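Since this is a predicted model, take the numbers as computed values, not measurements.
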Amino acid sequence: QVQLVESGGGLVQAGGSLRLSCAASGRTFYYYTMGWFRQAPGKEREFVAAISRSGGNTYYADSVKGRFTISRDNAKNTVYLQMNSLKPEDTAVYYCAARNKPITTMTLGEYEHWGQGTQVTVSS
């Protein structure tokens, strides 16, 4: 089992930046592929970004490509989401997710473990 705790959310003006962190418990973090998802009020949870076990492969939703960067530090059991050029439509609760499989996926239902979420609000 792995437990995930997100941090780094907050209120930022449009065009600003935030970096989200997701700290994982346990000693097997390397075996998990990781993802970030988000859920805006009244909308379904959607894929944002994912990263392979080694960090060598990353995937992004078209809506954030070129603005967001996912990365991981396996020595610190942490995955990050650097968010630049934020827009009001990026406002959502952001969730970290983990999957104990070697294949990285963008599919929400294939992730086994979830954090509690962190609120990101972008003002115009």
Side-chain angles (χ1 to χ4, degrees):
Q1 278 282 13
V2 63
Q3 292 185 327
L4 306 172
V5 179
E6 302 98 332
S7 61
L11 173 64
V12 64
Q13 289 188 332
S17 298
L18 282 174
R19 187 175 82 154
L20 305 183
S21 299
C22 173
S25 64
R27 295 174 291 179
T28 59
F29 179 69
Y30 175 81
Y31 293 103
Y32 289 85
T33 56
M34 302 296 295
W36 284 98
F37 291 78
R38 67 186 181 186
Q39 188 166 17
K43 295 188 177 181
E44 294 186 350
R45 195 170 299 189
E46 65 176 6
F47 170 77
V48 175
I51 189 166
S52 61
R53 288 172 164 178
S54 67
N57 293 298
T58 56
Y59 307 86
Y60 297 95
D62 287 343
S63 59
V64 307
K65 204 170 292 183
R67 299 187 298 123
F68 291 10
T69 302
I70 188 172
S71 62
R72 66 189 294 164
D73 185 337
N74 287 338
K76 295 182 178 180
N77 283 15
T78 303
V79 63
Y80 304 98
L81 186 68
Q82 178 66 44
M83 306 186 295
N84 298 329
S85 302
L86 282 161
K87 305 175 181 180
E89 51 264 44
D90 294 318
T91 295
V93 177
Y94 283 71
Y95 297 91
C96 173
R99 180 172 185 261
N100 191 4
K101 297 289 191 300
I103 305 301
T104 310
T105 180
M106 297 181 284
T107 304
L108 183 150
E110 296 188 2
Y111 284 85
E112 303 149 344
H113 308 283
W114 293 84
Q116 83 290 347
T118 185
Q119 176 72 47
V120 171
T121 303
V122 184
S123 63
S124 57

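Residue Y31 comes nearest to R53 through the heavy atom pair O-NE, 2.8 Å, listed as atom of the first residue, atom of the second, then distance. The two atoms that bring Q119 and A92 nearest to each other are NE2-O, 3.4 Å, heavy atoms only. Looking at every heavy atom in both residues, G115 comes nearest to Y95 through O-CD2, 3.6 Å. Minimum heavy-atom separation, A49 to L81: CB-CD1, 4.1 Å. Considering all non-hydrogen atoms of both residues, A98 and M34 come closest at CB-SD, 3.6 Å.
Under the disulfide bond (SG atoms under 2.5 Å apart) criterion, no residue pair touches residues 26-64, with sequence neighbours excluded. The salt bridge (Lys or Arg N to Asp or Glu O under 4.0 Å) analysis of residues 6-25, with sequence neighbours excluded, yields no pairs. Sorted pairs that involve residues 39-83 and meet disulfide bond (SG atoms under 2.5 Å apart), not counting sequence neighbours, are lacking altogether. Legend: disulfide bond (SG atoms under 2.5 Å apart) pairs involving residues 45-87, not counting sequence neighbours: none detected. Every pair passing disulfide bond (SG atoms under 2.5 Å apart) that includes a residue from residues 7-59 is listed here, sequence neighbours excluded: C22-C96. The salt bridge (Lys or Arg N to Asp or Glu O under 4.0 Å) contacts involving residues 96-106 comprise R99-E110, K101-E112, where partners must be two or more places apart or lie in separate chains. Applying the ring-ring contact (aromatic ring centres under 6.0 Å, His included) test to residues at least two apart or on different chains, the pairs with a partner in residues 40-92 are F37-F47.
Residues satisfying the side-chain hydrogen bond (donor to acceptor under 3.5 Å, both in side chains) test with K65, not counting sequence neighbours, are D62. Applying the side-chain hydrogen bond (donor to acceptor under 3.5 Å, both in side chains) criterion to Q1, with sequence neighbours excluded, gives H113. In this structure N84 satisfies the side-chain hydrogen bond (donor to acceptor under 3.5 Å, both in side chains) test together with S17, Q82, sequence neighbours excluded. Partners of Y94 according to the side-chain hydrogen bond (donor to acceptor under 3.5 Å, both in side chains) rule, which considers only residues two or more places apart in sequence or in another chain, are R38.
Here the straight-line distance linking atom CG of L4 with atom OH of Y111 works out to 11.5 Å at 0.5 Å rounding. A distance of 9.0 Å separates CG of N57 from CD1 of I51, quoted to the nearest 0.5 Å. To the nearest 0.5 Å, the span separating CG on L11 from CD on Q13 amounts to 8.0 Å. Note that OG of S54 and CG of N74 are 8.0 Å apart. Values are rounded to the nearest 0.5 Å. Atom OH of Y30 is separated from atom CG of N77 by 13.5 Å, given to the nearest 0.5 angstrom. Taking CG of L108 as the start and CD of E44 as the end, the distance is 9.0 Å to the nearest 0.5 Å.
One N or O on the side chain of T105 and one on the backbone of T107 form a donor-acceptor pair closer than 3.5 Å. Panel note: side chain T91, backbone V122; a donor-acceptor pair is recorded below 3.5 Å. When atom types are taken as modelled, the side chain of T33 and the backbone of T104 share no donor-acceptor pair closer than 3.5 angstrom.
If you chain together hydrophobic residues whose side chains sit under 4.5 Å apart, V48 and V12 fall into the same group.
Residues T28 and V2 are not in side-chain contact: their nearest non-hydrogen atoms beyond the backbone lie 4.5 Å or more apart. At least one side-chain heavy atom of V120 sits less than 4.5 Å from a side-chain heavy atom of L20. Contact of the W36 side chain with the M83 side chain is not registered, since no non-hydrogen atoms from C-beta on lie closer than 4.5 Å.
Residues near I103 contribute nothing to a hydrophobic cluster around it, because no ILVMFWY side-chain heavy atom sits closer than 4.5 Å to its side chain.
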